[in-house]
Amino acid sequence: QVQLGESGGELVQLGGSLRLSCAASGRTFSNYAMAWFRQAPGVLSGEFVASRDPSGVVKNYGDSVKGRFTISRDNANNIMYLKMKRLKPEDTAVYFCAANVGLASFDASDYGYWGQGTQVTVSS
């Protein structure tokens with residue numbers, strides 16, 4: 001099992017950049033698929049943002065963030081990153097990192113481990 005904790009969310013202006021971090025505690029980090037999801041204010045449903053399979057070969061991004069967000073992982077330090085550029089007000093949401101033993105998935109229900117979330121607010 002693994003415990004996750006996000007950080008890096010803050011208030012940023014339109015067009016700005018942020019880097020979110022997800023620190024993982026556990027000794028099998030390299031075996032986990034990793035992903036980011038987000039939930040906008042007042043919206044019950046979540047949105048897929050990005051994922052990375054255990055090998056790092058396959059990376060996927062949601063349509064709304066393609067070309068602007070980049071997912072990466074530092075296996076040695078058990079940290080996953082989400083680099084966010086050209087931020088828009090519609091990116092405002094609580095961002096969650098997630099992990100799963102196995103292949104990456106677009107479905108949040110496939111992930112067994114979650115962080116507490118970090119708030120990203122983009123002003124215009």
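Because only heavy atoms are used, hydrogens play no part in the values below, and waters and symmetry mates are left out as well, while side chains stay in.
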TODO: For ring-ring contact (aromatic ring centres under 6.0 Å, His included), just list the numbers for F37 and F48, CA-CA rounded to whole Å, side-chain angles, deciding distance to a tenth of an Å, and then say yes or no.
DONE: CA-CA 5 Å; F37 293 84; F48 171 79; 5.7 Å; yes

Exercise. Can L18 and V120 be said to form a side chain to side chain contact (heavy atoms under 4.5 Å, CB included), step by step?
Worked result: CA-CA 9 Å; L18 285 174; V120 173; 3.8 Å; yes

(request) Would you please test L4 and C97 for side chain to side chain contact (heavy atoms under 4.5 Å, CB included) and show each step? (result) CA-CA 7 Å; L4 306 175; C97 66; 3.7 Å; yes

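Within the 4.5 Å cutoff, the side chain of R68 has heavy atoms near those of the D91 side chain. Q39 places none of its side-chain heavy atoms less than 4.5 Å from the side chain of E47. Taking 4.5 Å as the limit, every side-chain heavy atom of E10 sits out of range of all side-chain heavy atoms of T121. Side-chain contact check for V12 versus M84: every heavy-atom pair is 4.5 Å or farther apart. Using a 4.5 Å heavy-atom cutoff, the side chains of S105 and N100 are not in contact. For the pair T70/L82, no side-chain contact is recorded, criterion being any heavy-atom separation below 4.5 Å from C-beta on. Taking 4.5 Å as the limit, some side-chain heavy atom of T92 sits within range of a side-chain heavy atom of P41. No side-chain heavy atom of F96 sits under 4.5 Å from any side-chain heavy atom of V49.
Both Y95 and Y61 are part of a single hydrophobic cluster, where members link through side-chain heavy atoms under 4.5 Å apart. Using a 4.5 Å cut-off between side-chain heavy atoms of Ile, Leu, Val, Met, Phe, Trp and Tyr, with links allowed through other members, V65 and Y111 fall into different hydrophobic clusters. Placement of V94 and L11 in two distinct hydrophobic clusters is found when ILVMFWY residues are connected by side-chain heavy-atom separations under 4.5 Å, directly or transitively. Hydrophobic clustering of Ile, Leu, Val, Met, Phe, Trp and Tyr side chains at less than 4.5 Å, counting indirect connections, unites W36 with V101.
To the nearest 0.5 Å, the span separating CG on L20 from OG on S7 amounts to 8.0 Å. Going from atom OG of S51 over to atom CG of N60 covers 4.5 Å, rounded to the nearest 0.5 Å.
In the displayed structure, E90 atom CD is contacted under 6.0 Å by more than 12 heavy atoms of other residues, nucleotides or ligands.
Geometrically, R19 engages Y81 in a cation-pi contact defined by less than 6.0 Å to the ring centre and at most 45° from the axis.
Side-chain N or O atoms of E6 include one that pairs as donor or acceptor with a backbone N or O of Q116 at under 3.5 Å. D74 places a side-chain N or O within 3.5 Å of a backbone atom of A76 that can act as its donor or acceptor partner. With R73 contributing its side chain and P54 its backbone, the two residues share a donor-acceptor pair below 3.5 Å. Looking only at distances, a side-chain donor or acceptor of T118 sits under 3.5 Å from a matching main-chain atom of G9.
Shortest non-hydrogen contact noted between R38 and S64 is NH2-OG, 3.1 Å. Summarising the geometry of V2 relative to A99, their closest heavy-atom pair is CG1-CB, 4.2 Å, with the distance given to 0.1 Å.
Using modelled atom types, one finds a donor on one side chain and an acceptor on the other under 3.5 Å when comparing S25 with Q3.
A salt bridge does not link D53 with K59: every distance from a Lys NZ or Arg NE/NH1/NH2 to an Asp or Glu carboxylate oxygen is 4.0 Å or more.
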